[in-house]
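The block underneath contains the structure these notes are about, expressed in structure tokens.
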Amino acid sequence: GLEGEVKMERVQPKYVPISTLAKIWGRSKMYIYRRIDMIRNEGRFNEICMQLGPQQTLVHVDKFEAWMKGQHMKWLKGA
């Protein structure tokens, strides 16, 4: 019924496309793509992201946030 549908919408998906992630963070898609490149360079792409096709990358919201916080800690320490 209707109640079930409403509940479904409230569930935050774990993996979102880059366009959605950009909206969540209030950033441009380019900003997110650069961060994904950094994640890829660190060898953590498969841990945080999921490649569905050449143009379709999904990003794990929580893991990306944790990674971003880790980056922030690095900047604070001046690493």
Side-chain angles (χ1 to χ4, degrees):
L2 192 62
E3 199 184 313
E5 282 167 39
V6 173
K7 275 200 191 103
M8 280 304 292
E9 276 173 32
R10 249 185 264 140
V11 174
Q12 184 70 32
K14 278 193 169 67
Y15 284 93
V16 297
I18 284 172
S19 55
T20 304
L21 195 66
K23 284 193 194 108
I24 291 170
W25 284 86
R27 302 282 189 160
S28 67
K29 278 194 271 188
M30 203 60 238
Y31 175 92
I32 302 296
Y33 277 115
R34 278 193 213 106
R35 296 300 171 282
I36 300 299
D37 280 342
M38 288 165 76
I39 287 167
R40 196 179 262 120
N41 291 338
E42 287 177 17
R44 296 182 64 192
F45 183 83
N46 291 333
E47 183 191 323
I48 298 169
C49 311
M50 204 164 39
Q51 193 77 47
L52 293 188
Q55 298 300 316
Q56 179 72 323
T57 302
L58 294 182
V59 185
H60 193 291
V61 178
D62 298 337
K63 288 178 185 174
F64 182 81
E65 184 179 345
W67 180 84
M68 288 285 278
K69 282 180 180 155
Q71 292 300 301
H72 189 61
M73 291 313 288
K74 279 185 210 164
W75 295 325
L76 289 180
K77 289 185 193 125

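Computation of the quantities below employed the complete heavy-atom set of this structure, encompassing side-chain atoms and omitting hydrogens, waters and symmetry-equivalent molecules.
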- Query: So which pairs with a foot in residues 53-73 pass side-chain hydrogen bond (donor to acceptor under 3.5 Å, both in side chains), sequence neighbours left out?
  - Reply: Glu42-Trp67, Glu42-Gln71, Gln51-Thr57, Glu65-Lys69
- Query: If you group Ile, Leu, Val, Met, Phe, Trp and Tyr by side-chain heavy-atom gaps below 4.5 Å, do Ile32 and Tyr15 land in one group?
  - Reply: no
- Query: Looking at residues at least two apart in the chain, or sitting in another chain, which of them share a side chain to side chain donor-acceptor pair (under 3.5 Å) with Arg27?
  - Reply: none
- Item | Salt bridge present between Arg40 and Asp37 (N-O < 4.0 angstrom) | yes
- Query: Any ring-ring contact (aromatic ring centres under 6.0 Å, His included) pairs touching residues 17-54, not counting sequence neighbours?
  - Reply: Trp25-Phe64
- Item | ILVMFWY network linking Met50 to Ile24, side-chain heavy atoms under 4.5 angstrom | no
- Atom pair CZ/CD1 of Arg34 and Ile36 - distance to nearest 0.5 Å: 12.5 Å
- Query: Do Val16 and Leu58 come within less than 4.5 Å of each other through their side chains, counting heavy atoms only?
  - Reply: no
- Item | SG-CG distance between Cys49 and Leu21, expressed to the nearest 0.5 angstrom | 8.5 Å
- Item | Spacing of Met68 atom CE and Ile48 atom CD1 [to the nearest 0.5 Å] | 11.0 Å
